[in-house]
**Q** 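Structure in structure tokens, see below.
By convention in this document, chain letters (A, B, ...) are assigned in the order of the sequence lines, proteins followed by strands, and residues within each chain are numbered from 1. Worth saying up front: this structure is predicted, and the values here are computed from it rather than measured.
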Amino acid sequence: MHKEIIFKNVDYYYQHDTPYEYKALENVNLNIPIGSFTSIIGKTGSGKSTLVQMLNVLIKPTNGSIEIDDFKINSKTTNKNLKPLRKKVGLIFQFPEKQLFADSVREDIAFGPLNFGMDESKIDSVVEESLKLVQLPISIMNKSPFEISGGQMRRVAIAGVLAMKPEILVLDEPTVGLDPKGQKFIMNLIHKLHVEQNMTIILISHQMDIVASYSENVVIMHNGKVVAFDTAQNIFSNESLLNKYDLTLPSSIKFYNQLIANQLPLNESVPMHVNQLGDQIIKMFSRGRN
Amino acid sequence: MLNNIIEVKNINFKYNDSETKTINNISFNIKTGEWVSIIGHNGSGKSTLIKLLDGLVQLDSGSISMNGDEINEKNVNKIRKNIGLVFQNPDNQFVGATVEDDIAFGLENYQFSRDEMIKIIDNVLDLVDMQKYRKHEPSKLSGGQKQRIALAGVLALNPKILILDESTSMIDPQGRNNILNVIDEFSRKSNMTVISITHDVEEIKLSNRVLLLSNGELVEDTSPEKLFENVKDLEEYALELPFSAQLSKYLIKHKLQLPNRYMNEGELIECIKKLYLKM
């Protein structure tokens with residue numbers, strides 16, 4: 001695997017060459033490190049979903065190119081020979097459970113691996129392994145995906161992507177519509193895949209608390225352009241940058257700022273999640289006043 | 001005008017293939033113009049409850065009245081005209097080839113003149129800040145933009161009751177706040193009642209009242225402030241604690257001498273400050 005996913009001068013037009021043509025991506029240049037946890041944030045309609053759909057070549061750049069490992073994708077790329085790339089990059093859409101279609105959970109999870117040429121004899125163990133990853137009981141395998149709960153359907157859809165053993169996992173708002181417990185489960189799962197399997201994670205999320213807690217890098221998109229790319233710590237320390245693009249601060253930093261405004265000496269870099277802020281406050285008390 | 005726009009009495013409902021009741025003996029009233037959040041874990045019965053309110057599924061027992069009329073098979077279509085329902089996933093709701101066609105489609109049943117229709121469409125697209133997308137194809141919009149359009153389509157019909165089923169979940173936080181303010185203003189102007197299923201703590205704080213469902217039962221009917229005080233273990237109901245409560249919990253666990261009750265952010269900051277200055 002090459003070290004980076006490279007977007008070079010990428011433009012994308014919807015309804016190209018029609019009167020309603022509009023530019024969804026404009027001159028995107030971006031190098032995403034392989035092995036990183038990178039989140040993409042930005043207002044509704046800023047081009048986030050368009051950008052990540054290119055990673056799986058669901059759409060191709062109108063201009064410019066994308067390099068993933070040995071693959072180079074541009075407007076002329078044909079759909080032939082893309083299977084190995086599509087196996088490498090697992091894409092989980094918004095509301096992935098909408099795409100469940102088979103008569104049983106097993107069949108649904110097995111669809112991808114079979115499609116990518118996995119031997120039928122290995123399928124059962126792969127399905128079981130994937131169900132284990134998303135912590136669903138093996139017994140669910142023979143149920144119809146439509147008779148299980150919404151939260152379970154989401155996990156089955158994710159299991160179907162994980163069954164292909166992707167090296168890069170792209171998730172577009174994976175927690176939308178789940179209750180907070182379900183959200184936490186999905187985020188912990190993604191975190192685990194990143195840490196334990198060194199999977200490259202590319203996450204789109206509007207939830208700044210989630211983005212700050214889990215990401216190493218953050219990309220900000222605005223009107224189809226990449227306007228910032230930096231470590232999560234640097235992005236979230238830069239309040240004026242976030243304000244400029246109508247993005248909110250994570251709760252931990254909002255609270256931190258209020259404590260600082262109240263002259264409480266926290267003396268540390270901005271906290272990325274609640275426990276970090278908690279530790280800073282505890283330390284402040286153990287230092288004592290001088 | 002009637003004080004209660006909705007009266008729900010002892011309603012029960014069970015899906016055919018289910019062993020347990022999805023809605024178990026629930027009663028509540030909603031006042032005209034009120035903004036009510038419905039919360040609870042996935043599978044607690046929230047979505048079923050609003051389907052019952054909209055007459056999309058039928059009660060096993062009990063009654064629901066809108067504006068004093070009890071919903072039955074005969075009047076359900078008439079009553080439904082008062083209700084604007086926006087689902088979480090707007091893909092299931094679009095019919096038009098362009099954004100403006102889609103909104104116009106909903107208006108066509110209401111005998112508006114062409115000029116009136118254009119005016120209404122203009123107005124609602126302004127409200128949701130989507131004017132420049134009026135010629136776009138709904139399916140090509142982003143998730144959050146679709147949710148804005150779905151909302152515009154429903155507001156165009158000027159409903160007496162707006163029901164939102166996590167209908168702003170894909171809009172960015174800043175955009176969501178704007179949309180919630182737009183709905184709030186619209187509701188004040190036209191005395192529209194708002195019922196909203198949500199997991200968002202900020203949205204819960206905005207509402208007048210919160211109904212907490214768990215396993216088909218109504219376990220709490222209270223104000224947002226009281227909810228955070230009353231419900232000892234919100235996490236048990238798969239709800240997220242407000243940030244101040246998460247932080248208090250962590251600090252108490254690490255032996256900071258904080259009172260063991262719900263404090264909002266202002267109170268918690270005051271408390272930490274006092275404690276620090278006493279050192």
**Q** Hey, are the side chains of Q174(B) and K43(A) touching, using non-hydrogen atoms and a 4.5 Å cut-off?
**A**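 Counting from C-beta outward, Q174(B) and K43(A) never come under 4.5 Å.
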
**Q** Angle class for the H136(B)/Y22(A) ring planes (parallel below 30°, perpendicular above 60°, tilted otherwise)?
**A**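 Ring orientation of H136(B) relative to Y22(A): tilted.
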
**Q** Between K48(A) and chain B, which part of the residue has a heavy atom less than 4.5 Å away: side chain, backbone, both or neither?
**A**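 No part of K48(A) comes within 4.5 Å of chain B.
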
**Q** Can a donor-acceptor pair be found, under 3.5 Å and without considering hydrogens, that links the side chain of H254(B) to the backbone of G278(A)?
**A**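 The answer is no, because no donor-acceptor pair under 3.5 Å joins these two groups.
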
**Q** How about Q15(A) and E137(B): do any of their side-chain heavy atoms sit closer than 4.5 Å?
**A**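 Result yes, sub-4.5 Å side-chain heavy-atom pair found.
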
**Q** Between Q94(A) and G143(B), which heavy-atom pair has the shortest distance, and what is it?
**A**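 Reported closest heavy-atom pair: OE1-CA, 3.8 Å.
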
**Q** Can you tell me if NZ on K225(A) sees more than 12 non-hydrogen neighbours from other groups inside 6.0 Å?
**A**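 Not more than 12 within 6.0 Å, no.
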
**Q** Does any backbone or side-chain atom of E166(B) lie under 4.5 Å from a heavy atom of chain A? Answer side chain, backbone, both or neither.
**A**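 For E166(B), the contact with chain A is made by the side chain alone.
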
**Q** Do you know which two heavy atoms are closest between G288(A) and Y276(B), and how far apart they sit?
**A**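 Scanning both residues, the minimum pair turns out to be O-OH, 3.8 Å.
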
**Q** Checking side-chain contact (heavy atoms from CB on, under 4.5 Å) for the pair T44(A)/M170(B): CA distance, chi angles, key distance, verdict?
**A** CA-CA 8 Å; T44(A) 299; M170(B) 291 158 85; over 6 Å; no

**Q** Does the pair D172(B) and L247(A) meet the rule for a side-chain contact (heavy atoms from CB on, under 4.5 Å), with working shown?
**A** CA-CA 8 Å; D172(B) 52 281; L247(A) 298 164; 5.6 Å; no

**Q** Could you tell me whether the side chain of D179(A) and the main chain of N42(B) form a donor-acceptor pair under 3.5 Å?
**A**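 Judged by distance alone, yes, a pair lies under 3.5 Å.
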
**Q** Can you say whether I39(B) sits under 4.5 Å from chain A via the side chain, the backbone, both, or neither, judging by heavy atoms?
**A**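 The answer is neither part of I39(B).
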
**Q** Given the options T248(A), N262(A), I41(A), which has more heavy-atom pairs under 4.5 Å with chain B than any of the others?
**A**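 Of the options given, most contacts go to N262(A).
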
**Q** Identify the heavy atoms of M284(A) and I272(B) that sit nearest to each other, and give their distance.
**A**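 Heavy atoms of M284(A) and I272(B) come nearest at CE-CG2, 4.2 Å.
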
**Q** Within the structure provided, determine whether Q88(B) and F95(A) are in side-chain contact (heavy-atom separation under 4.5 Å).
**A**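 Heavy-atom side-chain distance check passes, below 4.5 Å.
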
**Q** Provide the closest heavy-atom pair for L256(B) versus I281(A) in the form atom of the first, atom of the second, distance.
**A**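 Minimum heavy-atom contact is CD2-CG2, 4.2 Å.
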
**Q** When only pairs under 4.5 Å are counted, which of S149(A), G182(A), S49(A), G177(A) shares the most heavy-atom pairs with chain B?
**A**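 Heavy-atom pair counts peak at G177(A).
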
**Q** Return the minimal non-hydrogen interatomic distance between F255(A) and L247(B), and the atom names on each side.
**A**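 Smallest heavy-atom distance, with atoms named: CE2-CD2, 3.4 Å.
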
**Q** Would you say L277(A) and Y250(B) make side-chain contact, with heavy atoms under 4.5 Å?
**A**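 Counting from C-beta outward, L277(A) and Y250(B) never come under 4.5 Å.
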
